[in-house]
Enquirer: 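Supplied in structure tokens, the structure appears directly below.
Chain letters run A, B, ... following the sequence lines, proteins first, then strands; residues in each count from 1.
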2 protein chains.
Amino acid sequence: MAQREVDLDSSVGYALKQAATALRAAMEAALEPLSLTVTQYSCLELLGQRPGLSAAELARGVFVTRQSMQSVLQGLQDRGLLSRSTAPQGRALPTQLTPAGTDLLGRASRAIAGVESRMLQDRSAAEVARLRADLAACVTALEGRQP
Amino acid sequence: MAQREVDLDSSVGYALKQAATALRAAMEAALEPLSLTVTQYSCLELLGQRPGLSAAELARGVFVTRQSMQSVLQGLQDRGLLSRSTAPQGRALPTQLTPAGTDLLGRASRAIAGVESRMLQDRSAAEVARLRADLAACVTALEGRQP
DNA sequence: TGCGCCATGTCAGGAGTCTGACATAGGCTG
DNA sequence: CAGCCTATGTCAGACTCCTGACATGGCGCA
């Protein structure tokens, strides 16, 4: 039958990459007026919703390494958007948003909410929830084990 | 009501990034025994299904720039996996897989097909098709225009 | 108490990708 | 036909992120 192993036109993986790429581009465009990168915004958003997270926990939540998160935090700290407790190495240091950080995060969140609503236009709440659940199921299936 | 603009636990964008990250990690693990990166595999797969594509067209299909695709193609060419016609600049040069490239692509495709089937385990064909259509709709909605 | 183990923060180096720029080929329009 | 515009291939530079490595703090267990 010469059935193709992977067909681009019906591959969910390819569609997933396409969607993630388009979303990232839209987010970059929306955040550009605020001088924020997607990684920086993700970090602020996560910190806003889970105050006191350590750098390593932030890194896992934003899908980058601790080393990368370090420079991201440094940049945000230099802009006065967040504060980190200084302490010896080897210890988890909680991080918090400053008032300026909270303010900027608010504007960024509104911009990103606009992007997400545009992405999901003409979808019912149930359809959106279903899509989100489908994606979450993909994650758990992939993380289960890799034979 | 203090409704949060963006809620991580219900954000489709966050779930999308999570899924794309998990998929990429699984693909890297599956391709590692073949000494192929995800970008290299994507390039080979696209070339296998659309023979004769130019470097610029490949770049768009794999979501990288022409400049990045150049070094990817150079590496694959050095390994004897594909051949490019040499000609003056400013002209679209078709690219083809060599027999060795076709052979390696076959093995890589099987590995990636395994990843995708694991990602979609316990899903009916209709559910898979629906998920793919949902993702495609997100792409078109995002690319429509950015106000 | 002491030891091993894991997690965190940090420093240095390298691989991959992107932005900017240039020359050339092809196509469209006047 | 000439001129303009777009697209392609390519070179150079910079940036981001990752891998590797190290020292330290917290925790469980003998």
Enquirer: In terms of side-chain geometry, is the basic nitrogen of B:Arg50 or A:Asp9 positioned less than 4.0 Å from the acidic oxygen of its partner?
Expert: yes
Enquirer: Could you state the CD-P distance from A:Glu28 to D:dT16, rounded to the nearest angstrom?
Expert: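 That distance rounds to 12 Å.
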Enquirer: Compare side-chain N and O positions of A:Thr65 against OP1 and OP2 of D:dC18 and report whether any pair is under 4.0 Å apart.
Expert: yes
Enquirer: Considering non-hydrogen atoms only, spot the tightest contact between A:Gly61 and A:Leu46 and give its length.
Expert: CA-CD2, 3.6 Å
Enquirer: Should A:Arg60 be listed as having a side-chain N or O under 4.0 Å from OP1 or OP2 of C:dT8?
Expert: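 A:Arg60 to C:dT8 OP1/OP2: side-chain N or O found under 4.0 Å.
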Enquirer: When the distance from CE of A:Met69 to P of C:dT8 is rounded to whole Å, what number comes out?
Expert: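 From A:Met69 CE to C:dT8 P: 13 Å.
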Enquirer: Provide, to the nearest angstrom, the distance between the CD atom belonging to B:Glu57 and the P atom belonging to C:dG26.
Expert: 15 Å
Enquirer: Starting from the 5' end of DNA chain C, give me the residue, A:Arg66 or B:Ser71, whose nearest nucleotide shows up first.
Expert: A:Arg66
Enquirer: How long is the line joining CZ of A:Arg24 and C1' of D:dC17, in whole Å?
Expert: 11 Å
Enquirer: Rounded to whole angstroms, how far apart are CG on A:Leu73 and P on C:dT8?
Expert: 14 Å
Enquirer: Please check if any side-chain donor atom of B:Ser54 sits under 3.5 Å from a side-chain acceptor atom of B:Glu57, or the reverse.
Expert: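 Side-chain D/A pair, B:Ser54 to B:Glu57: present.
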Enquirer: Just to be sure I understand the rule, does B:Thr37 reach a base, reach only the sugar-phosphate, or reach nothing, if contact means heavy atoms closer than 4.0 Å?
Expert: nothing
Enquirer: Within the pair B:Arg91 and D:dA7, is there a side-chain N or O less than 4.0 Å away from OP1 or OP2?
Expert: no
Enquirer: For the residue pair B:Glu45 and B:Tyr41, confirm or rule out a side-chain donor-acceptor distance under 3.5 Å.
Expert: yes
Enquirer: Looking at B:Ser68, does any N or O in its side chain come under 4.0 Å of the phosphate oxygens OP1/OP2 on C:dG16?
Expert: no
Enquirer: Quick check: any donor-acceptor pair below 3.5 Å linking the side-chain of B:Gln67 to the base of C:dG20?
Expert: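 By the distance-only test, yes, there is a pair.
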Enquirer: Between A:Gln70 and C:dG9, does any side-chain N or O lie under 4.0 Å from OP1 or OP2?
Expert: no
Enquirer: Take atom CD of B:Gln74 and atom P of C:dA15, then tell me their distance rounded to the nearest Å.
Expert: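 Rounded to the whole Å, the gap is 17 Å.
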Enquirer: Indicate whether the side chain of B:Ser11 and that of A:Glu116 have a donor and an acceptor atom separated by less than 3.5 Å.
Expert: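 Indeed, the side chains of B:Ser11 and A:Glu116 share at least one donor-acceptor pair under 3.5 Å.
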Enquirer: NA contact type, B:Ser54, heavy-atom cut-off 4.0 Å: base, sugar-phosphate, or nothing?
Expert: sugar-phosphate
